[in-house]
Each structure stands twice: as C-alpha cells, then as structure tokens.
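Just follow the structure's listing: the first ligand is 1, and inside any ligand the first atom is 1. Keep in mind that the numbers below use all heavy atoms, side chains included, and drop hydrogens, waters and symmetry copies.
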Amino acid sequence: MEDLYEADLHCHTNASDGLFSPRELVKLAKQKGLKVIAVTDHDTIGGWVEAERAGKEHGMEIIKGIEVNTEWHEQEVHILGYGIDNTADLSRQLHVIQEKREDRVYQILEKLKQLGKPLTEEDVLRFVKGDSVGRPHIAQAMVEQGYIKTVKEGFKEYLNIGAKAYVPRYILKPEQAIKIIREARGVAVLAHPGDQKVSREVIASWVNYGLQGLEVSHPEHSPEVEEYYIEIVGEMDLLATGGSDFHGEGIKPEISLGKWGASLQQVSKLKFLILKAKAG
Ligand code: AMP
Ligand code: FE
Ligand code: FE
Ligand code: ZN
C-alpha cells in the first residue's frame with residue numbers, strides 16, 4: 001500500500017485539463033482511501049456539481065475549489081481558491097477568462113499551422129469536456145496527430161513560455177485573482193510557490209492583498225523547498241495546504257493522487273477559514 005495523505009487539496013478534472021471526470025476522480029480517491037479531496041480546476045467551477053453528487057454517493061468529502069491562473073514577471077503564478085461562493089459576479093469574471101482561453105487556443109493553432117503542424121479546432125475540441133480549454137488539450141491533439149510523442153514533449157517544443165508556438169495568456173495579476181477569490185468569500189492560497197521561487201517579501205505583499213495560505217506539499221517541491229515554505233507559514237501565521245495537482249497519468253505520468261496532500265488537521269483549519277470567510 002502506498003503511503004498517502006488523507007486529503008488531496010489540488011485535483012483537476014475534465015472540467016478543465018484533467019483526464020478524469022469528477023465522478024471518476026472521486027471513485028479513484030475512494031479506492032486510494034482518501035477522506036477529502038478538493039476539486040480545483042483551472043478557471044472553472046464546472047466540476048463541482050458532479051463531484052459533490054459523487055462525493056455523497058461514495059462518502060468522500062469534497063471541498064469546492066478553483067485554481068486561477070495568473071502571470072507575474074513572465075512566470076505562471078496560480079492562486080487556489082477554496083470554498084468560494086458561486087456568485088453572479090464570479091461567473092461573469094470566469095466567463096471572460098474562459099473566452100480569453102479560447103482566443104489563445106486559436107492563436108496557438110495559427111502558429112502551429114505556420115510551423116507546418118496544422119490542427120483543426122475539432123482536433124482539439126475532441127479533448128475538451130468542460131468550459132476551460134488550455135494548452136494540454138492542444139498537446140493531446142498533437143500527440144494524436146503524431147507530431148509529438150508525449151504531452152510533455154509538446155510543452156517543451158511548442159507550448160511552454162518561450163517555445164515555438166507560445167502565445168501569452170490573458171494577463172491577470174496574482175493580486176486580481178486573490179481579490180476575485182476573497183470577494184466570492186473563499187480562502188486564497190498560493191499554489192506551488194516553489195515552482196516560481198516566490199520569495200518571503202513577495203509572499204508578504206500578497207498576504208497584504210488577502211492571501212491566506214501556501215501550498216507546501218506539491219510534486220514540484222523538494223523536501224528543502226517544502227521546509228522553506230513551512231517556515232514562512234509559521235512566521236506569517238498562514239495556512240499550509242498540499243495536493244498532488246492531479247491531472248491523470250496521461251498528462252503527468254509520475255503524479256498520483258494523494259501522494260502529496262494535507263492532514264485532516266490542516267483540512268480542519270482550512271474549513272474554519274472558509275466558515276470565517278462566509279461570516280465576514
Ligand atoms: P494553460 O492553462 O493553457 O496555460 O496550460 C497550463 C497547464 O498545462 C498547466 O496547468 C498544466 O496542467 C499543464 N502543463 C504545463 N506544463 C506541462 C508539462 N510539461 N507536461 C504536461 N502538462 C503541463
Ligand atoms: Fe493543468
Ligand atoms: Fe497550478
Ligand atoms: Zn493545478
């Protein structure tokens with residue numbers, strides 16, 4: 001039996017770029033003996049309803065979340081939002097972001113065409129099950145066309161920042177994502193800070209904007225990096241969370257659900273902060 005956490009607070013479904021439906025994700029979590037999962041799709045809450053329904057059936061606690069993609073100094077910064085309310089204002093903002101994602105996909109397809117790697121919209125849409133399209137869907141279509149062997153190779157050659165078919169995203173700043181989450185009465189947590197080597201000072205400035213926690217356990221973090229962010233959590237009295245950033249092994253082969261995550265005690269703290277956000 002693998003040594004797994006009881007809670008995985010960072011999971012993607014096919015509402016964005018995950019391979020599993022929310023129901024399949026819940027079933028897998030159950031099989032692995034997890035107690036709690038958070039559904040945190042990129043820029044969409046489209047997976048919530050099915051996840052909650054499946055959670056009830058399988059006795060799995062579901063935390064409703066989101067991961068909002070932003071840009072900071074030409075790097076990706078992702079902000080996790082937990083327990084947010086599905087307000088009209090939130091839907092409006094997410095709708096704008098989702099439309100920008102679609103525009104970006106078309107621009108990337110244009111570049112790929114010029115590079116002699118044409119894909120039709122249909123080629124890509126075959127992999128899209130929800131309302132948030134992204135580069136992983138393009139990478140999967142490229143694998144299917146035989147242009148590349150793996151999704152990873154697609155990112156390296158074509159889709160990463162600076163690669164041949166890269167198109168910048170619709171630029172939302174981390175502060176704006178924090179604001180969107182807090183205004184929807186959710187808890188804002190910085191996802192995988194080690195990925196961008198976010199410093200103490202920058203974290204402190206985002207805490208001033210309303211950031212409440214750091215994701216410390218994450219596949220991109222070495223034990224030293226995890227330790228560094230745990231220290232900052234202690235110093236700034238923040239919440240520590242963790243998750244596998246699960247997308248399904250077809251997207252990221254080495255990542256398995258529950259291998260990174262949080263304790264039930266950390267989940268209790270998160271839930272307390274969510275309740276406080278509702279009351280505040
Ligand atoms: P997008 O949302 O379109 O900007 O695409 C970003 C997403 O692509 C991330 O959330 C990851 O899930 C995925 N991704 C980024 N780099 C890689 C990679 N090297 N291999 C597989 N998936 C990746
Ligand atoms: Fe993703
Ligand atoms: Fe992320
Ligand atoms: Zn993620």
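Per-residue contacts place His42 under 4.0 angstrom from the following atoms of ligand 1 (heavy atoms of the residue considered): 10 (O), 12 (O). Each of the following atoms of ligand 1 lies closer than 4.0 Å to a heavy atom of Ile251: 21 (C), 22 (N). In the vicinity of Val151, heavy-atom distances shorter than 4.0 Å reach the ligand 1 atoms 21 (C). Within ligand 1, counting atoms from 1 as listed, the ones closer than 4.0 Å to a heavy atom of His247 are 12 (O). Contact atoms of ligand 1 toward Gly134: 3 (O) (distance under 4.0 Å to a heavy atom of the residue). With ligand atoms numbered from 1 in the order given, ligand 1 contributes 1 (P), 2 (O), 3 (O) to contacts under 4.0 Å with heavy atoms of Arg101.
Under a 3.5 Å cut-off, the side chain of Ser16 and the backbone N or O of His12 do not form any donor-acceptor pair. Between the His58 side chain and the Gly55 main chain, no donor and acceptor come within less than 3.5 Å of each other. In this structure, the side chain of Trp206 does not engage the main chain of Gln212 through any donor-acceptor pair within 3.5 Å.
In Glu67, the N, O or S atom that comes nearest to the Zn ion (ligand 4) is OE1. As for Asp17, its N/O/S atom nearest the Fe ion (ligand 2) is the one called OD2. Within Asp245, the N, O or S atom lying nearest to the Zn ion (ligand 4) carries the name OD1. Residue-level check: among N/O/S atoms of His10, NE2 sits closest to the Zn ion (ligand 4).
Among protein heavy atoms, the minimum distance from atom 4 (O) of ligand 1 is reached at Arg169 NH2, 2.5 Å. Among all protein heavy atoms, the one lying closest to atom 5 (O) of ligand 1 is Arg135 NE, 3.4 Å. For atom 19 (N) of ligand 1, the closest heavy atom belonging to the protein is Phe155 CB, 3.7 Å. With hydrogens left out, the protein atom closest to atom 11 (C) of ligand 1 is Lys252 NZ, 3.6 Å, a heavy atom.
None of the N, O or S atoms belonging to Asp245 lies under 2.8 Å away from the Fe ion (ligand 2). The Zn ion (ligand 4) lies at 2.8 Å or more from every N, O or S atom belonging to His192. Residue His42: an N/O/S atom is found under 2.8 Å from the Fe ion (ligand 2).
Salt bridge Glu61/Lys30: absent, no basic N to carboxylate O contact under 4.0 Å.
Grouping the Ile, Leu, Val, Met, Phe, Trp and Tyr side chains by contacts below 4.5 angstrom, directly or via other members, places Val133 apart from Leu19.
Proximity of Asn69 to ligand 1, defined as any heavy-atom pair under 4.0 Å, is confined to the side chain (atoms from C-beta onward). Residue contacts with ligand 1 for Asp17 involve side-chain atoms from C-beta outward but no N, CA, C or O (heavy atoms, distance under 4.0 Å).
Here the closest heavy-atom approach between residue Leu9 and residue Thr40 is recorded as O-CG2, 3.7 Å.
Looking at Lys278, Glu183, Lys64 one by one, the single match for side-chain contact (heavy atoms from CB on, under 4.5 Å) with Asp85 turns out to be Lys278.
Counting only N and O atoms by type, the side chains of Glu224 and Ser222 include a donor and acceptor under 3.5 Å apart.
No more than 12 heavy atoms of other residues, nucleotides or ligands sit less than 6.0 Å from atom NZ of Lys113. Atom CD of Glu122 has more than 12 neighbouring heavy atoms from other residues, nucleotides or ligands inside a 6.0 Å radius.
Residue contacts with ligand 1: Arg104 is included, with a non-hydrogen atom under 4.0 Å away.
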CA sep, side-chain torsions, deciding dist, call: Glu231, Arg200, salt bridge (charged side-chain N to carboxylate O under 4.0 Å, His left out): CA-CA 10 Å; Glu231 217 177 276; Arg200 260 190 180 72; 3.1 Å; yes

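Aromatic ring centres of His78 and His10 lie farther apart than the 6.0 Å criterion allows.
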